[in-house]
Amino acid sequence: MTELAELRRPDAPYLRACLGLETGHVPMWIMRQAGRYLPEYRKLKESYDFLTLSQTPDLLTEVTLQPLKRFPMDAAIVFADIMTPLHSMGFDIDFAPGPVIQNPFRGPADIEWLRTPEPEEIAPFLKEGLVTLAGELPPHQALIGFSGAPFTLFCYVVEGGGSKDFMTPRSLLRAEPEAAETLLSALADTQVHYLRMQHQAGADALMIFDSWVGLLSETEYRRFAMPYVQRILGGLADVPAPVTYFPFGGAHLLEAVSELDVDVVGIDWRTPLSKASLRLGPGKTVQGNLNPAALFAAPDVLEREADVVLEEGDQAAGHVFNLGHGIDRRSDPDQVARLVDFVHGWSR
Ligand code: 1CP
């Protein structure tokens with residue numbers, strides 16, 4: 001567990017809420033807050049593709065700060081992707097707009113070229129961007145670094161891109177368990193180096209996205225996903241930064257998730273925060289979980305739905321307000337402005 005005194009920005013409400021401490025207002029940020037719903041992001045996309053934007057220090061810094069220029073968010077999340085560190089493992093990845101892996105991992109033969117990179121080889125452009133960002137953010141705004149969780153990354157690099165059911169990776173776990181384990185371990189070790197680098201460069205908090213664990217039973221989760229998340233957490237044990245774990249679609253896994261040594265658990269919109277918190281047990285802050293669709297509702301309906309989330313979150317050890325998944329690209333920025341005002345003006 002991280003101590004407040006070890007943090008670089010001990011007064012930032014987001015970081016205090018992660019540790020379950022009192023805050024003047026409920027802190028908030030929005031998953032995918034830098035992205036296509038913002039006209040200024042779409043403008044940059046006319047000149048640069050996603051890889052260039054996310055791999056050029058000045059550009060990734062600018063995009064990270066775009067939402068903070070519009071809205072008084074309590075945290076910035078660095079503009080990268082969960083695929084960003086995988087280039088250094090030997091994967092050839094494009095974006096169209098989701099990730100497309102030219103050389104998917106399909107079995108033992110691919111162990112030949114798979115690499116666990118040295119820490120300094122992983123995304124040096126991101127390190128440079130984080131140093132700049134940490135210098136630019138005021139003390140009350142926190143900087144979040146992130147990675148994918150091994151199982152979710154495994155899904156993409158075995159499938160070769162996005163999928164509804166990721167049947168190829170789920171088959172590989174059974175057909176080639178040893179090769180699958182080698183890949184999962186290499187993914188975990190690379191994320192440890194990558195997350196440590198992000199903290200060292202200036203990230204105040206770290207988040208691990210496990211977007212596809214909803215495909216697994218609890219038994220499968222405990223075998224193929226959870227041990228590798230634990231391997232990452234073990235590798236971060238001496239890093240003084242709150243860690244958030246987001247098992248999207250994982251309501252059926254919360255008892256297992258409660259065993260993870262993380263400060264915050266992200267909850268998607270399907271589970272009320274009070275129920276999630278009871279199942280996670282004491283001492284864990286919850287993050288979430290307004291339905292992203294609520295941003296398309298009339299202002300009074302949006303506020304009513306946000307109020308329910310705030311009341312629910314008030315029953316947990318700590319609450320970081322967020323959407324229950326990434327913001328939809330058709331969302332109206334004015335509705336986001338309204339939401340931030342409402343959350344910051346809400347008092348228990
Ligand atoms: O053309 C574009 O604008 C590219 C779209 C895009 C963006 C803006 C991609 C491709 N990635 C990103 C940035 C990104 N990805 C961030 C930035 C920080 C922020 O939140 O503002 C983050 C945190 C991610 C994380 C990410 N990427 C996840 C985990 C969260 C989740 O959504 O569940 C996943 C699964 C990805 C893979 C990915 N990258 C991009 C897309 C479109 C996808 C989904 C692909 C699919 O499954 O079909």
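Quick note: numbers below take in every heavy atom, side chains included, and nothing from hydrogens, waters or symmetry partners. Just follow the structure's listing: the first ligand is 1, and inside any ligand the first atom is 1.
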Open item on the list: Can you confirm whether the side chains of Thr61 and Asp58 place a donor and an acceptor under 3.5 Å from each other?
Closed with: no
- [ ] Could you give me the CA-CA distance, side-chain angles and deciding distance for Asp334 and Arg338, then say whether salt bridge (Lys or Arg N to Asp or Glu O under 4.0 Å) is met?
- [x] CA-CA 6 Å; Asp334 290 342; Arg338 201 164 273 131; over 6 Å; no
- [ ] Would you mind checking which non-hydrogen protein atom is closest to atom 5 (C) of ligand 1, with the distance to 0.1 Å?
- [x] Arg36 NH2, 4.1 Å
Task: Parallel, tilted or perpendicular: rings of Tyr245 and Tyr221 (30°, 60°) - done: tilted
Open item on the list: Please work out, at 4.0 Å between heavy atoms, whether the side chain, the backbone, both, or neither of Phe246 comes within that distance of ligand 1.
Closed with: neither
Open item on the list: Is it the case that ligand 1 has an N or O less than 3.5 angstrom from some N or O of Gln33?
Closed with: yes
Open item on the list: With respect to Trp212, determine whether any N or O atom, backbone or side chain, lies less than 3.5 Å from an N or O atom of ligand 1.
Closed with: no
Open item on the list: Under 4.0 Å, heavy-atom basis, I'd like to know which part of Ala80 is in contact with ligand 1: side chain, backbone, both or neither.
Closed with: backbone
Task: atom 32 (O) of ligand 1: the protein heavy-atom neighbour that sits closest, reported with distance to 0.1 Å - done: His325 NE2, 3.2 Å
Task: Protein heavy atom at shortest distance from atom 26 (C) of ligand 1 - done: Arg32 NH2, 3.2 Å
- [ ] Answer with yes or no whether the side chains of Trp29 and Gln287 bring together a donor and an acceptor at under 3.5 Å.
- [x] yes
Task: Cation over ring face, Arg115 and Phe91, 6.0 Å, 45° - done: no
Open item on the list: For the NE2 atom of His140 and the CG atom of Asp74, what is their distance to the nearest 0.5 Å?
Closed with: 7.5 Å
Task: Closest protein heavy atom to atom 1 (O) of ligand 1, given as residue, atom name and distance to 0.1 Å - done: Lys45 NZ, 2.2 Å
Task: atom 48 (O) of ligand 1: nearest protein contact (heavy atom, Å) - done: Gly162 CA, 3.9 Å
Task: Atom indices of ligand 1, in the order listed, that fall short of 4.0 Å to a heavy atom of Tyr41 - done: 2 (C), 3 (O), 8 (C)
Open item on the list: Heavy atoms only: which of Asp81, Ile144, Leu153, Val63 lies closest to atom 27 (N) of ligand 1?
Closed with: Asp81
- [ ] Would you please name every residue forming a ring-ring contact (aromatic ring centres under 6.0 Å, His included) with Phe224, sequence neighbours left out?
- [x] none
TODO: Using a 4.0 Å heavy-atom threshold (strictly under), name the region of Met83 that reaches ligand 1: side chain, backbone, both or neither.
DONE: neither
Open item on the list: Would you say that Phe296 contacts Ser331 through its side chain, given a criterion of any heavy-atom pair below 4.5 Å between the two side chains?
Closed with: yes
Task: Side-chain H-bond candidate by donor/acceptor type, Ser217 with Glu220, under 3.5 Å - done: yes
Task: Where ligand 1 meets Phe79 - atom numbers and elements under 4.0 angstrom, heavy-atom basis - done: 8 (C)
- [ ] Establish, from distance only, whether the side-chain atoms of Thr152 and Asp210 form a donor-acceptor pair under 3.5 Å.
- [x] yes
Open item on the list: For Asp94 and Gln102, which I'm curious about, is there any donor-acceptor pair between the side chains at under 3.5 Å?
Closed with: yes
Task: Numbered atoms and elements of ligand 1 in range of Ala34, under 4.0 angstrom, heavy atoms - done: 21 (O)
TODO: Distance to 0.1 Å, residue and atom name: give those for the protein heavy atom nearest to atom 35 (C) of ligand 1.
DONE: Tyr156 OH, 3.2 Å
Task: Of the listed options Phe146, Phe248, Tyr37, closest to atom 23 (C) of ligand 1 (non-hydrogen atoms) - done: Phe146
TODO: Can you pull out the closest protein heavy atom to atom 38 (C) of ligand 1? Residue, atom name and distance to 0.1 Å, please.
DONE: Pro99 CD, 3.4 Å
- [ ] Identify, for atom 7 (C) of ligand 1, the protein heavy atom at the shortest distance, and state residue, atom and that distance.
- [x] Phe50 CE1, 3.6 Å
- [ ] Answer yes or no: does an N/O atom from Gly35 fall short of 3.5 Å to an N/O atom of ligand 1?
- [x] no
Open item on the list: Pairing donors with acceptors under 3.5 angstrom, does anything connect the side chains of His87 and Asp92?
Closed with: no
